[in-house]
**Q** 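Structure incoming, see below.
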Amino acid sequence: MSALKVVSSKLAAEIDKELMGPQIGFTLQQLMELAGFSVAQAVCRQFPLKDKTEAEKGKHVFVIAGPGNNGGDGLVCARHLKLFGYNPIVYYPKRSERTEFYKQLVHQLNFFKVPVLSQDEENWLEYLKPEKTLCIVDAIFGFSYKPPMREPFRSIVEELCKLQDRIPIVSVDVPTGWDVDKGPISQPAINPAVLVSLTVPKPCSTYIREKHTAHYVGGRFIPRDFANKYGFEPFGYESTDQILKL
Ligand SMILES: NC(=O)C1=CN([C@@H]2O[C@H](COP(=O)(O)OP(=O)(O)OC[C@H]3O[C@@H](n4cnc5c(N)ncnc54)[C@H](O)[C@@H]3O)[C@@H](O)[C@H]2O)[C@@H](O)CC1
Ligand SMILES: [K+]
């Protein structure tokens, strides 16, 4: 295990609560926008379009969004990827009815002409071919996932596991199926090529295979004294970057 700065799931939830509490007053929408923006930047850093052929530039980034806020990060990420010149497609099989906000994120994707597959799309795997797909963004589950995995996500993640050696997966915050503190202790569980930890890495990130997985931190929205209060130093982001490769 590396000497990475990490915070437990309990502390991560406390950080979120305080950031969105009455004293600080961030809204979830603000943080999600920055989180999704960071993930889009990490995709650009890892899979730059510069010097690519037109065929490679036309490949899809397949974004799979789960039912909670991790999924929301994915929806935001897809919109920014489109602005960055990528070709995202979104699969959002279980849509949250909790807040109007998620519907608004889908409207925004329609506005940007980002295809959002129908909820009961049976042929979603057709979009996942090494020759057609640049990478997959795994925005299925983040730090609130509790096994065992329920359908339809179990079948989806099982399919992704079969493909992950041929198409790189970019996991948002926590690789889907991993316990946020203990890592890949149950199946199915994704083995990502890229992990983008948000705010601060969670303990599960110490279980990534360093040679196999590029690790970025993103979600650049806390000041030094707040980080210190939770026991870590802020990350050394350069210039206007929203991500830092660890
Ligand atoms: N401060 C931060 O770091 C921020 C974090 N955000 C994101 O928010 C995520 C946490 O979001 P949430 O708390 O909404 O949780 P998640 O998005 O991790 O998952 C919650 C959803 O998954 C479902 N679920 C949980 N276990 C399941 C199982 N076994 N089978 C099927 N469904 C299951 C729940 O019913 C719920 O709908 C973070 O990981 C991060 O990606 C950002 O959106 C905002 C800022
Ligand atoms: K994830």
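We count ligands from 1, going down the list as the structure has it; atoms in each ligand are counted the same way. Hydrogens, waters and symmetry mates play no part in the numbers below; they use all other heavy atoms, side chains included.
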**Q** Would you mind checking if K57 and E54 are paired as a salt bridge, meaning a charged N to carboxylate O distance below 4.0 Å?
**A** yes
**Q** Should we count CD of E238 as having more than 12 external heavy atoms under 6.0 Å?
**A** no
**Q** Taking N or O atoms only and a 3.5 Å limit, does F143 qualify as a polar contact for ligand 1?
**A** yes
**Q** For E131, I'd like to know if atom CD has over 12 heavy atoms of other residues, nucleotides or ligands within 6.0 Å.
**A** yes
**Q** I need the nearest protein heavy-atom contact for atom 45 (C) of ligand 1: residue, atom name and distance, please.
**A** L31 CB, 3.6 Å
**Q** Answer yes if a protein heavy atom lies under 4.0 Å from atom 34 (C) of ligand 1, otherwise answer no.
**A** no
**Q** Do side-chain atoms of S197 reach the backbone of V200 as a donor and acceptor pair under 3.5 angstrom?
**A** no
**Q** Could you find the nearest protein heavy atom to atom 8 (O) of ligand 1 and give me its residue, atom name and distance?
**A** N69 CB, 3.2 Å
**Q** Could you tell me the angle subtended at the K ion (ligand 2) by O of V172 and O of D138, rounded to 10°?
**A** 90°
**Q** Would you mind checking if K229 and E18 are paired as a salt bridge, meaning a charged N to carboxylate O distance below 4.0 Å?
**A** yes
**Q** Strictly under 3.4 Å, is the K ion (ligand 2) approached by any N, O or S atom of S171?
**A** no
**Q** Using a strict 4.0 Å cut-off to heavy atoms of M149, name the atoms of ligand 1 that fall inside it.
**A** 29 (N), 30 (N)
**Q** Identify the closest protein heavy atom to atom 37 (O) of ligand 1: which residue and atom is it, and at what distance?
**A** P67 CG, 3.4 Å
**Q** So, is P147 polar-close to ligand 1, with some N/O to N/O distance under 3.5 Å?
**A** no
**Q** Does K5 make a cation-pi contact with F235 (under 6.0 Å, within 45 degrees of the axis)?
**A** yes
**Q** Tell me: protein heavy atom nearest atom 9 (C) of ligand 1, and distance?
**A** N70 N, 3.7 Å
**Q** Enumerate the atoms of ligand 1 whose separation from the nearest heavy atom of T199 is less than 4.0 angstrom.
**A** 1 (N), 2 (C), 3 (O)
**Q** Identify the closest protein heavy atom to atom 18 (O) of ligand 1: which residue and atom is it, and at what distance?
**A** G142 N, 2.7 Å
**Q** Is the K ion (ligand 2) less than 3.4 Å from at least one N/O/S atom of F141?
**A** yes
**Q** Please check if the side chain of S171 supplies one atom and the backbone of L195 the other of a donor-acceptor pair under 3.5 Å.
**A** no
**Q** Do S155 and E159 meet the criterion of a side-chain donor-acceptor pair at a distance under 3.5 Å?
**A** no
**Q** Heavy-atom contact under 4.0 Å between D73 and ligand 1?
**A** yes
**Q** What's the O-the K ion (ligand 2)-OG1 angle here (V174, T176), rounded to 10 degrees?
**A** 90°
**Q** Considering V39, I15, D173, I140, which one's heavy-atom position lies nearest to atom 39 (O) of ligand 1?
**A** D173
**Q** Does the distance from a Lys or Arg side-chain N to an Asp or Glu carboxylate O, for D179 and K146, drop under 4.0 Å?
**A** no
**Q** Under a plain distance cut-off of 3.5 Å, with no hydrogens placed, do D181 and S8 share a side-chain donor-acceptor pair?
**A** no
**Q** Just wondering, do L160 and I169 contact through their side chains at under 4.5 Å, heavy atoms?
**A** yes
**Q** Could you tell me the residue and atom name of the protein heavy atom closest to atom 26 (N) of ligand 1, and the distance to it rounded to 0.1 Å?
**A** K146 N, 3.2 Å
**Q** Give me the nearest non-hydrogen protein atom to atom 30 (N) of ligand 1 as residue plus atom name, then the distance to 0.1 Å.
**A** R150 N, 3.0 Å
**Q** Using heavy-atom distances only, which candidate in S144, S38, G68 approaches atom 25 (C) of ligand 1 most closely?
**A** S144
**Q** Taking a cutoff of less than 4.0 Å between a non-hydrogen atom of the residue and any ligand atom, is P148 in contact with ligand 1?
**A** yes
**Q** With heavy atoms only and a cut-off of under 4.0 Å, state how D16 meets ligand 1: side chain, backbone, both or neither.
**A** side chain
**Q** More than 12 non-hydrogen atoms from neighbouring residues, nucleotides or ligands closer than 6.0 Å to NZ on K182, yes or no?
**A** no
**Q** Do the side chains of Y237 and V217 get nearer than 4.5 Å, heavy atoms only?
**A** yes
**Q** Looking at ligand 1, does any of its N/O atoms fall within less than 3.5 Å of an N/O of K202?
**A** no
**Q** Which option out of Y145, F221, F141 puts a heavy atom nearest to atom 31 (C) of ligand 1?
**A** F141
**Q** Tell me the closest heavy-atom pair linking P168 and A193, and the distance in Å.
**A** CB-CB, 3.8 Å
